[in-house]
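Labels below follow one simple rule: chain letters A, B, ... track the order of the sequence lines, proteins then strands, and each chain is numbered from 1.
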Protein chains: 2
Amino acid sequence: MGITERKNRDKQDLKQRILDAAKLLFTKHGYEATSIRKIANVIEFSPTTIYLYYRDKNDILYALHQEGFKMLGTSFIDLGKISNPFERFKEMGRTYLKFALDHSDFYELMFIMKEPIQWLDEDACASDKWQEGINAFDSLHNTIIDCQKEGYFKDQDSKLFSLFVWSTVHGLCSLSLHGHFEQVVKGKKLDIHPDKILESAFENFLDLIDRLK
Amino acid sequence: MGITERKNRDKQDLKQRILDAAKLLFTKHGYEATSIRKIANVIEFSPTTIYLYYRDKNDILYALHQEGFKMLGTSFIDLGKISNPFERFKEMGRTYLKFALDHSDFYELMFIMKEPIQWLDEDACASDKWQEGINAFDSLHNTIIDCQKEGYFKDQDSKLFSLFVWSTVHGLCSLSLHGHFEQVVKGKKLDIHPDKILESAFENFLDLIDRLK
DNA sequence: GAATCTACTTAACACTGTTAATAATTCCAA
DNA sequence: TTGGAATTATTAACAGTGTTAAGTAGATTC
């Protein structure tokens, strides 16, 4: 009964501690291990206490999903150093890819799963609930506009082109993470190591885009 | 107590009836409504009976996922009539898109969700468990090879190019189905109706690919 | 000191997938 | 025809899930 022991410790920042516990379970044991009761167990509180700080399980998942966007955002910071816009564009793609592979659970939460943002639709003021996602998209969009200033894909509508690039890279990540590439390539005698398919397909995509200059 | 009434009816093809019930619930009320107990309720059998015909819930989902590939396969049949390979290629994409929109729950099961094929990895002879998916990919791959014979994207590796095309179209479908396009486009004053974003982005993609001739 | 308010807990509801044990039925050989 | 085995379906239960209602200590305020 760790409850009495816990009471001797500080009781502040409980909302943050709940989120930390959720993040711990989530990163360590994946989505299915992250239940309200298990989170409660980690922070040594009753499960119902969590409902005093988060309205839903979805609310927690949404907070985690924001954490994910923070992580992606920080890994985007260094891209500002790259002055050549097309080089920045390419490196942005590689960064996105690396994030998806390194933090696949978060990627799942942010871009693949339906859960954490489906109830936002019901919400009246849900327009800015995916603001982090929109910001990430803007980073891409702005980079593409910069590329166009230097003559790249200049006959393209920048927004539709951004959607296209995002779709391709997301499709690559999503299909790869769920093992579909492995399945498809198996027995096809593709002379690429299974782990390198994603990378090869992406670099092939960059080559292809390069030709649109 | 419908059990005694049911006993007077034929008891054959129970495995199929389970699948039909699952399909009914799945198409009518979505994924979360498709529980073992609800399926059992529909066919008027005890929940545990289902385990005599399917080892898992995943096993049922996998069967449903195969049904989905059957549906996709039949909607691909008419494509054979199109002799021009590049026209066939484009129409194949539109068919894929339409399938994703018209049967979004099935699309989810076949290409987005992790569930129905994750345990296949553990299986020793899991190599051909996603055969339907591989077949679909082959249709694309063959069409692309035909296109190359006519001079389209001839400097491309056909397999990597197929992966690229699939990724793009899947990315478009996946992001669109989960409402991410809507989110991103909202407030960006894109002069396209929200429902038409997917279509526009796809046609834009086709135009772009056309230029690789 | 009594009332109120806050933070938290216990108990419970209605589900979920799944398994063990049991009953009913069918089949097949002696 | 009868008895045992095998098949088929059932009930009961386990361990888990998200979530809510009701109750209880402890601090705060009047």
Side-chain angles (χ1 to χ4, degrees), chain A residues 1-19 21-22 25-26 29-65 109 113-120 122, chain B residues 1-19 21-22 25-26 29-65 109 113-120 122:
Chain A
M1 200 64 61
I3 291 169
T4 51
E5 301 164 25
R6 177 261 315 161
K7 279 182 182 170
N8 301 333
R9 297 199 289 275
D10 59 342
K11 307 176 182 179
Q12 235 55 29
D13 307 22
L14 195 43
K15 180 156 187 171
Q16 185 56 46
R17 282 179 59 203
I18 292 170
L19 190 60
L25 288 170
F26 189 74
H29 305 109
Y31 172 72
E32 58 274 1
T34 310
S35 75
I36 298 283
R37 280 177 175 82
K38 280 177 187 164
I39 295 170
N41 220 40
V42 170
I43 59 170
E44 295 175 295
F45 273 81
S46 155
T48 49
T49 302
I50 292 174
Y51 286 87
L52 300 173
Y53 298 88
Y54 293 92
R55 88 165 103 156
D56 254 340
K57 190 191 177 181
N58 242 326
D59 206 7
I60 299 174
L61 288 181
Y62 178 69
L64 276 178
H65 133 127
L109 209 55
M113 280 176 51
K114 228 171 180 171
E115 312 273 289
I117 55 162
Q118 66 180 3
W119 57 268
L120 298 177
E122 303 161 18
Chain B
M1 202 62 62
I3 291 169
T4 51
E5 301 164 25
R6 177 261 316 161
K7 279 181 182 171
N8 301 333
R9 300 200 288 274
D10 60 341
K11 308 175 184 177
Q12 234 57 28
D13 306 23
L14 194 45
K15 181 158 186 170
Q16 184 57 46
R17 281 178 59 204
I18 292 169
L19 190 59
L25 289 171
F26 188 75
H29 304 109
Y31 171 71
E32 57 274 0
T34 311
S35 74
I36 299 283
R37 281 177 174 83
K38 281 176 187 164
I39 295 170
N41 221 39
V42 169
I43 59 170
E44 296 175 295
F45 272 81
S46 155
T48 50
T49 302
I50 292 175
Y51 286 87
L52 300 173
Y53 297 88
Y54 294 91
R55 89 164 103 157
D56 252 345
K57 190 190 175 181
N58 242 327
D59 206 8
I60 299 175
L61 288 182
Y62 179 69
L64 276 179
H65 134 127
L109 210 55
M113 278 175 53
K114 225 170 181 173
E115 313 274 286
I117 54 163
Q118 66 179 5
W119 58 267
L120 298 175
E122 304 159 18

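For A:Phe45 and C:dT10, the CZ to C1' distance is 16 Å, given to the nearest whole Å. Here the C1' atom of nucleotide C:dA7 and the CD1 atom of A:Ile43 are 13 Å apart, to the nearest Å. With rounding to whole Å, A:Tyr53 atom OH is found 13 Å from C:dT9 atom C1'. At whole-Å resolution of the value, CG in B:Leu52 and C1' in D:dT11 are 14 Å apart. B:His29 has its NE2 atom 17 Å from the C1' atom of C:dC15, to the nearest Å. Summarising the geometry, the separation between CD1 on A:Ile50 and C1' on D:dG18 is reported as 11 Å, rounded to the nearest angstrom. Atom CD of A:Glu115 and atom C1' of D:dG18 are 12 Å apart (whole Å). Rounded to whole Å, the distance from CG on A:Leu25 to P on D:dT17 is 11 Å.
In this structure, A:Lys38 forms no cation-pi arrangement with A:Phe45, as its terminal cationic atom is not both closer than 6.0 Å to the ring centre and no more than 45° off the ring axis.
Between the side chain of B:Tyr54 and the backbone N or O of B:Lys15 there is at least one donor-acceptor pair closer than 3.5 Å. Not one N or O on the side chain of A:Asn41 forms a donor-acceptor pair closer than 3.5 Å with the backbone of A:Arg37.
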Protein and nucleotides 16-19 of chain C: nitrogen or oxygen contacts under 3.5 angstrom:
residue : atom : partner : partner atom : Å
C:dT16  : OP1  : B:Ser35 : OG           : 2.8
C:dG17  : OP1  : B:Ile36 : N            : 3.2
C:dG17  : OP1  : B:Lys57 : NZ           : 3.2
C:dG17  : OP2  : B:Ile36 : N            : 3.0
C:dG17  : N7   : B:Arg37 : NH1          : 2.6
C:dG17  : O6   : B:Arg37 : NH2          : 2.9
C:dT18  : OP1  : B:Asp56 : OD1          : 2.9
C:dT18  : OP2  : B:Tyr51 : OH           : 3.0
C:dT18  : OP2  : B:Lys57 : N            : 2.9
C:dT18  : O5'  : B:Tyr51 : OH           : 3.3
C:dT18  : O4   : B:Arg37 : NH2          : 3.4

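Nearest approach of A:Thr34 to A:Gly30, heavy atoms of both residues: OG1-O, 3.0 Å. When all heavy atoms of B:Ala63 and B:Leu19 are compared, the closest pair comes out as CB-CD1, 3.5 Å. The two residues A:Ile50 and A:Ile39 make their nearest non-hydrogen contact at CD1-CG2, 3.8 Å. When every heavy atom of B:Ala21 is checked against every heavy atom of B:Val42, the shortest pair comes out as CB-CG1, 3.7 Å. The nearest pair of heavy atoms linking A:Ile43 to A:Leu14 is CD1-CD1, 4.5 Å.
Direction change of the helix axis from one end of the helix from C:dG1-D:dC30 to C:dA30-D:dT1 to the other is 30°, with five pairs defining each end axis (rounded to 10°).
Judged by distance alone, the side chains of B:Glu115 and B:Tyr62 never bring a donor and an acceptor atom under 3.5 Å apart.
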